[in-house]
> 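Below you'll find the structure I mean.
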Amino acid sequence: MTCYWDKIDSLIGTVYLAATDEGLIYCSTPNGSEEELQNWVGKHLPSYTLQKGTNNIIELAKQQLQDYFGGKSKVLDVPLKFMGTPFQNKAWKALTTIPYGETRTYGQIAAQIGCPKGPRAVGMANNKNPIALFVP
């Protein structure tokens with residue numbers, strides 16, 4: 001199986017992207033590095049071959065980021081493939097429901113996913129979010 005990766009130079013710096021054919025799995029913070037991406041993919045998808053290049057998911061992600069940073073769109077909705085623990089995946093999925101321009105507390109997200117005493121756990125999941133620009 002193959003995991004593709006590419007980068008995009010944006011107004012906020014270089015952003016590295018990685019995706020399988022199932023969805024985007026990684027989007028670095030600005031000025032991330034190829035080494036960080038390779039380490040992350042190696043840890044989470046050890047059986048995959050990491051190949052520089054694009055697939056439909058990365059091409060769509062690059063276009064959406066260009067439109068977003070260019071002020072043409074507020075939509076970042078490429079297919080995502082979460083690569084975390086079941087709790088992290090649930091928290092990250094809940095983050096994708098936050099409308100553009102709105103905020104939620106970790107407590108609100110914890111309640112939304114049925115873990116009202118888990119705001120710190122939501123915060124830690126958010127800290128480990130590998131798709132930060134697409135999962136706010």
Side-chain angles (χ1 to χ4, degrees):
M1 294 185 284
T2 303
C3 177
Y4 298 92
W5 75 271
D6 204 357
K7 64 182 179 178
I8 181 173
D9 293 320
S10 72
L11 295 172
I12 62 171
T14 302
V15 175
Y16 288 83
L17 303 165
T20 66
D21 289 332
E22 298 173 69
L24 188 69
I25 62 166
Y26 182 89
C27 177
S28 74
T29 54
N31 297 313
S33 72
E34 182 179 335
E35 182 180 353
E36 290 171 3
L37 175 139
Q38 290 174 345
N39 289 338
W40 189 92
V41 171
K43 178 180 177 183
H44 292 87
L45 294 171
S47 63
Y48 278 64
T49 301
L50 184 59
Q51 179 177 324
K52 180 160 181 15
T54 65
N55 63 6
N56 292 339
I57 304 291
I58 290 178
E59 287 301 317
L60 180 59
K62 288 167 68 173
Q63 184 61 55
Q64 286 186 1
L65 286 172
Q66 288 172 340
D67 291 347
Y68 184 83
F69 291 130
K72 296 178 185 174
S73 177
K74 296 176 182 173
V75 176
L76 295 172
D77 66 353
V78 300
L80 304 173
K81 179 174 173 61
F82 297 122
M83 302 296 301
T85 67
F87 181 85
Q88 288 171 332
N89 293 348
K90 191 187 281 190
W92 297 335
K93 187 173 182 178
L95 294 172
T96 66
T97 67
I98 302 171
Y100 178 85
E102 294 185 22
T103 60
R104 298 291 184 275
T105 66
Y106 293 150
Q108 289 170 317
I109 295 297
Q112 180 180 337
I113 64 173
C115 188
K117 294 184 179 185
R120 287 185 182 165
V122 169
M124 289 305 298
N126 201 28
N127 181 50
K128 299 291 185 189
N129 174 6
I131 321 172
L133 295 175
F134 290 86
V135 178

> Test T14 against D9 for side chain to side chain donor-acceptor pair (under 3.5 Å), laying out the working first.
CA-CA 4 Å; T14 302; D9 293 320; 2.8 Å; yes

> Could you pull out all residues at least two apart from S10 that satisfy side-chain hydrogen bond (donor to acceptor under 3.5 Å, both in side chains)?
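Listed in chain order: nothing, the list is empty.
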
> If you group Ile, Leu, Val, Met, Phe, Trp and Tyr by side-chain heavy-atom gaps below 4.5 Å, do L50 and M83 land in one group?
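Linked within one cluster.
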
> According to a 4.5 Å side-chain heavy-atom criterion applied to Ile, Leu, Val, Met, Phe, Trp and Tyr, with indirect links allowed, do V15 and W5 form part of one hydrophobic cluster?
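No, no single cluster joins them.
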
> Rounded to the nearest 0.5 Å, how far apart are CD of Q51 and OH of Y4?
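Separation between the atoms: 5.0 Å.
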
> What residues, two or more places apart in sequence or in another chain, satisfy side-chain hydrogen bond (donor to acceptor under 3.5 Å, both in side chains) together with N39?
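Once residues adjacent in sequence are excluded, N39 has no partner under the side-chain hydrogen bond (donor to acceptor under 3.5 Å, both in side chains) criterion.
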
> Could you report the tightest heavy-atom contact between C27 and L133, atom names first, then the distance?
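For C27 and L133, the tightest heavy-atom pair comes out as SG-CD1, 3.7 Å.
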
> Where is the tightest heavy-atom contact between A110 and G118, given as atom of each residue plus distance?
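In terms of heavy atoms, the two residues are closest at CB-C, 3.7 Å.
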
> What pairs with K72 under salt bridge (charged side-chain N to carboxylate O under 4.0 Å, His left out), at least two apart in sequence or on another chain?
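Residues passing salt bridge (charged side-chain N to carboxylate O under 4.0 Å, His left out) with K72: none at all.
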
> Could you pull out all residues at least two apart from P86 that satisfy side chain to side chain contact (heavy atoms under 4.5 Å, CB included)?
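Listed in chain order: nothing, the list is empty.
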
> For T97, which residues count as a side-chain hydrogen bond (donor to acceptor under 3.5 Å, both in side chains) partner, sequence neighbours excluded?
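Applying side-chain hydrogen bond (donor to acceptor under 3.5 Å, both in side chains) to T97 gives Q112.
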
> Listing request: all side chain to side chain donor-acceptor pair (under 3.5 Å) pairs with a residue in residues 18-27, at least two apart in sequence or in separate chains.
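Listed once each, the pairs are D21-N55, E22-K81.
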
> Quick one: do the E59 and T54 side chains pair a donor with an acceptor below 3.5 Å?
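Their side chains do contain a donor-acceptor pair, which is all the 3.5 Å distance test asks for.
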
> Passes side chain to side chain contact (heavy atoms under 4.5 Å, CB included), D6 versus K62? Steps please.
CA-CA 9 Å; D6 204 357; K62 288 167 68 173; 2.8 Å; yes

> Holding to side chain to side chain contact (heavy atoms under 4.5 Å, CB included), I want the full list of residues that pass it with A111, two or more places apart in sequence or in another chain.
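For A111 there are no side chain to side chain contact (heavy atoms under 4.5 Å, CB included) partners, ignoring immediate neighbours.
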
> Any side-chain heavy-atom pair from V75 and Y100 closer than 4.5 angstrom?
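No, side chains not in contact.
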
> For Q66, which residues count as a side-chain hydrogen bond (donor to acceptor under 3.5 Å, both in side chains) partner, sequence neighbours excluded?
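Testing Q66 for side-chain hydrogen bond (donor to acceptor under 3.5 Å, both in side chains), a comparison that skips the adjacent residues, returns none.
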
> With ring-ring contact (aromatic ring centres under 6.0 Å, His included) as the rule and sequence neighbours excluded, what pairs involving residues 45-78 come up?
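Checked against ring-ring contact (aromatic ring centres under 6.0 Å, His included) - neighbours excluded - no pair reaches residues 45-78.
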
> To check you understand the geometry: which heavy-atom pair defines the closest contact between I58 and G53, and what is its length?
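Distance-wise, the nearest heavy atoms are CD1-O, 3.9 Å.
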
> Is there a donor-acceptor pair under 3.5 Å between the side chain of Q64 and the backbone N or O of D77?
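Yes.
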
> Quick one: does C3's side chain get under 4.5 Å of I25's, heavy atoms only?
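Counting from C-beta outward, C3 and I25 do come under 4.5 Å.
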
> Tell me, which pairs form a side chain to side chain donor-acceptor pair (under 3.5 Å) where one or both residues lie in residues 117-136, sequence neighbours left out?
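Those involving residues 117-136 are Y106-N126.
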
> Would the number of heavy atoms belonging to other residues, nucleotides or ligands and lying under 6.0 Å from NZ of K90 be above 12?
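For K90, atom NZ is not crowded (no more than 12 foreign heavy atoms under 6.0 Å).
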
> Please give me the minimum heavy-atom distance between I57 and G23, naming the atom from each residue.
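I57 and G23 have their closest heavy atoms at CG2-C, 3.7 Å.
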
> Report yes if some heavy atom in the side chain of L65 is under 4.5 Å from a heavy atom in the side chain of L17; otherwise report no.
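When only atoms from C-beta onward are counted, L17 and L65 do touch, with a gap below 4.5 Å.
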
> Which atom pair, heavy atoms only, marks the closest approach of L37 to A18?
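Closest heavy-atom pair between L37 and A18: CD1-CB, 4.0 Å.
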
> If every non-hydrogen atom of Y16 is compared with every non-hydrogen atom of E34, which pair is closest and at what distance?
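It is CZ-N, 3.5 Å.
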
> Partners of T105 by side chain to side chain contact (heavy atoms under 4.5 Å, CB included), sequence neighbours excluded?
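Partners of T105 by the side chain to side chain contact (heavy atoms under 4.5 Å, CB included) criterion, ordered by chain and then number, come out as Q108.
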
> List the residues meeting salt bridge (charged side-chain N to carboxylate O under 4.0 Å, His left out) with E35, not counting sequence neighbours, and say none if there are none.
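Result, salt bridge (charged side-chain N to carboxylate O under 4.0 Å, His left out) vs E35: none returned.
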
> Before giving the answer on side chain to side chain contact (heavy atoms under 4.5 Å, CB included), spell out for F82 and I131 the whole-Å C-alpha distance, their side-chain angles and the decisive distance to 0.1 Å.
CA-CA 8 Å; F82 297 122; I131 321 172; 4.2 Å; yes

> Please tell me whether L45 and L80 are part of a single hydrophobic cluster in this structure, the criterion being side-chain heavy atoms less than 4.5 Å apart.
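L45 and L80: separate clusters.
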
> Would you say I12 and F134 are hydrophobically clustered, going by side-chain heavy atoms of ILVMFWY under 4.5 Å?
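In one cluster: yes.
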
> Any side-chain to backbone donor/acceptor pair from W40 onto P130? Under 3.5 Å, distance only.
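No; zero donor-acceptor contacts below 3.5 Å.
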
